[in-house]
Protein chains: 2
Amino acid sequence: MARPTIADIAQRAGVSKGAVSFALNGRPGVSDATRERILRIAEDMSWRPHSAARALGASRVDSVGMVIARPARTLGVEPFFAHLLSGVQSGLSAESISLQLLIVEDAEAEVEVYRRWASEHRVDGVILVDLTVRDPRIDALKELELPAVVIGGRGGKGALASVWADDRDAMLTIVEYLAALGHRRIAHVAGTPIFQHTQRRIRAVRDAAPRLGLLEAPSLTTDFSDAEGAATTRRLLSQADRPTAIVYDSDVMAVAGLGVAMEMGVSVPGDLSIVAFDDSILTQLMHPALTAMSRDTFDFGRQAAEVLLEVIANPGAAVNRRTADPVLTVRESTAPPA
Amino acid sequence: MARPTIADIAQRAGVSKGAVSFALNGRPGVSDATRERILRIAEDMSWRPHSAARALGASRVDSVGMVIARPARTLGVEPFFAHLLSGVQSGLSAESISLQLLIVEDAEAEVEVYRRWASEHRVDGVILVDLTVRDPRIDALKELELPAVVIGGRGGKGALASVWADDRDAMLTIVEYLAALGHRRIAHVAGTPIFQHTQRRIRAVRDAAPRLGLLEAPSLTTDFSDAEGAATTRRLLSQADRPTAIVYDSDVMAVAGLGVAMEMGVSVPGDLSIVAFDDSILTQLMHPALTAMSRDTFDFGRQAAEVLLEVIANPGAAVNRRTADPVLTVRESTAPPA
DNA sequence: TTCGGGAGCTATACCGGTTTATCAAACCCT
DNA sequence: AGGGTTTGATAAACCGGTATAGCTCCCGAA
């Protein structure tokens, strides 16, 4: 028989639909013997719940959503999202919950998607990435009463659940390492200042500079694109007293920066040390391979999924989980200054 | 009122649920005046259909699925999927159909997912990528009677719908260009031979070689990884009569190959020309920037979505759409041989 | 004048589950 | 023995839509 329903099972087992439902969901109301029998029959008929029917009855759809608001152009290169997605899925698959993915242009469109998802009951909860300062999505989600977990930033005063790594600490690790190598002119090519993690990294550099005796430690913001990464590097390397080390907020920008250094005849790591915040195959493909701050992005995603399920099950909970600290993977692009 | 139902609308409009359903779905059964009134009220109460309820009644879920069976590690770097996804979504959004995405390890797991999706009625159809020779997924999908469209390969004798570009022609374009530059020793670093498009590209090279008077034109297969791309390049460049041009089946391998050339002191494009099949920001980040075959991946995805919707609406249709031909973007990595 | 037929709408069954009210039988305790 | 609780099950309502049978009214043709 194709696509059996619980009514079919009930009939074959000689019990009511309700009994079958109880048995299949492991809740009290049937004896162990009956339960066993029903389960065997269900297995035998290879029954699987009809997701829509279950959603309608139980008012949960066993599906969560994730919206990525970035232009597609910059998306693909970064392994970040692919790893994150895999991790999220591994966290969800145990409960066989599915994932809806949407790529949109900006935060406004993203909120619109949440609004639609909520009103159409398409997802039980959502995962947020790229948290900005005073992020409008937080209020929107609270208004929609849609369970959510924030990746890579504290949930804010409103206490959305969150999963985060210590960006500040990671940045301090980088700068301290460079200072220990003897660098005194360190520049920081940052991402857009609207992201919370960008702000945290900039603050970390600024705070550490005097303590480490750095002559200067400017943080220059960009839009995360390779083009601006290259342009900013060009500007930095054209200065009279150019920096001897540059920290980039993404691997793509670091690679672009390396290209500029080569083009300008600045040897890496001889005349310039380069560190990338965020690791990937990109950094390893380069010559010299780039020293990079590696995060376990997969695990990041997995934990986010776990936390989200927790929040969905218990909407009150203010979970706030800190993941493993990023580690600095030293490769060939860093050395003491000439 | 939170989350109004059509019953609420019916009450306020003073009509029956059925009338509201007719009006909202634009089908006959109500007068224009009544329809207008109902639509206004629905708008006013900001009603949105409950996806599960609609799915249960209409037995379609307004959702399609896409499974990517590749290790996550190799996934992120290639912008291919990100662009493809964006395109798919743009094709779906018009009908406000949502997309389920799943990344799995292998084809076996992928079929398992289809099986689950079909039995749980989670998707109306699926999009297939990375078609292999004698692909097991095709039979599985036909058995499940799940509408599907194949990206990048003919649907096979079984006649799944498909969207494809002319790989053979694209490869011929590359080889002819290199031959025109004067190259006679051209090597082809291919992907895994299990993929149909790999086979087509290999055949294209083999067929063109005698006509173009190439001395040799070996196609060496790899697993698409940067590691094997590099290793194969190393082997090629160590030969006594090394090739003067190498065509890579992916941008990642081309970049890895460029790295090997630099490491071995082989100048590009002086001693070696490099062409990447598939374009992305990667190829542009390099020095020299790589000549590459560019496909409109976004459009690819968009068309796949359109075709899938067509097939869902009309399961009999054997749609077979050919997309715009790829074009060769010449950059700095190709030149006449020394 | 009557009948057929379409337009416009209602009432109701239905999709496939979950949940609740109800009930009979068994068990438990003094 | 009798009243109260627990166990195991059923029947029916319900979730929010869609689909359909049927009813009423009105119009035009025979």
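No hydrogens, no waters, no symmetry mates; every other heavy atom, side chains included, goes into these values. Because the structure is predicted, anything quoted here is derived from the model rather than measured. In what follows, every chain begins at residue 1, and chains take the letters A, B, ... in the order their sequences are listed.
Of the residues near DNA chain C, Ala58(B) and Arg37(B), the one whose nearest nucleotide (by heavy atom distance) lies more toward the 5' end is Arg37(B).
The shortest side-chain heavy-atom distance between Ile127(B) and Val163(B) does not fall under the 4.5 Å cut-off. The side-chain heavy atoms of Asp139(A) and Glu143(A), taken from C-beta on, include no pair separated by under 4.5 Å.
Rounded to whole Å, the distance from CZ on Phe22(B) to P on dA11(C) is 13 Å. Rounded to an integer number of Å, the gap from Arg60(A) CZ to dT18(C) P is 8 Å. At whole-Å resolution of the value, CZ in Arg3(B) and C1' in dC15(D) are 14 Å apart. Summarising the geometry, the separation between CZ on Arg48(B) and C1' on dG17(D) is reported as 14 Å, rounded to the nearest angstrom. Ile38(B) has its CD1 atom 12 Å from the C1' atom of dT10(C), to the nearest Å. Separating the CG atom of Asp62(B) from the P atom of dC15(C) is a distance of 20 Å, rounded to the nearest angstrom. With rounding to whole Å, Trp47(A) atom CH2 is found 11 Å from dT18(C) atom C1'. Taking atom CG on Leu24(B) and atom P on dG17(D), their separation rounds to 9 Å, with Å as the unit.
Closest to the Val30(A) side chain, of the nucleotides dG17(D), dA9(D), dA11(C), is dA9(D). Closest to the side chain of Ser31(A), from the set dG8(D), dT18(D), dG16(C), is dG8(D). Between dC15(C), dA9(D), dG17(C), one nucleotide has an atom nearer to the side chain of Leu56(B) than all others, and that is dC15(C). Side chain of His50(B), nearest nucleotide from dA11(C), dT19(C), dG17(D): dG17(D). Here the nucleotide nearest the side chain of Val15(A), chosen from dT10(C), dT10(D), dG17(D), is dT10(D). Ranking dT18(D), dG17(C), dT20(D) by closeness to the Ile6(A) side chain, first place goes to dG17(C). Considering only the side chain of Arg27(B), dA19(D) comes nearest among dA19(D), dC9(C), dA11(D).
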field: Derivation and outcome, side-chain hydrogen bond (donor to acceptor under 3.5 Å, both in side chains), residues Ser31(A) and Thr34(A)
entry: CA-CA 5 Å; Ser31(A) 68; Thr34(A) 313; 2.7 Å; yes
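Between Glu306(A) and Arg321(A) there is a salt bridge, with a side-chain nitrogen of the basic residue lying less than 4.0 Å from a carboxylate oxygen of the acidic one.
Within the 4.0 angstrom heavy-atom criterion, no nucleotide atom of any strand lies near Val20(A). Contacts of Thr34(A) with the nucleic acid, taken as non-hydrogen atoms under 4.0 Å apart, involve only primed sugar atoms and P, OP1 or OP2.
Applying salt bridge (Lys or Arg N to Asp or Glu O under 4.0 Å) to Glu120(A) and the options Arg54(B), Arg48(B), Arg3(B) leaves one that passes, Arg48(B).
For the OP1/OP2 pair of dT18(D) and a distance below 4.0 Å, the side-chain nitrogens and oxygens of Arg54(B) include at least one atom meeting the criterion. Contact annotation: Ser16(B) side-chain N/O to dT10(C) OP1/OP2 distance is under 4.0 Å.
Side-chain atoms of Lys17(A) stay outside donor-acceptor range of the base of dG16(C), with no qualifying N/O pair under 3.5 Å.
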Can you give each donor-acceptor pair under 3.5 Å made by side-chain atoms of residues 112-119 of chain A, sequence neighbours left out, with the distance rounded to 0.1 Å?
unit_1, atom_1, unit_2, atom_2, d
Tyr114(A), OH, Glu110(A), OE2, 2.6
Ser119(A), OG, Arg115(A), O, 3.0
Ser119(A), OG, Arg116(A), O, 3.1

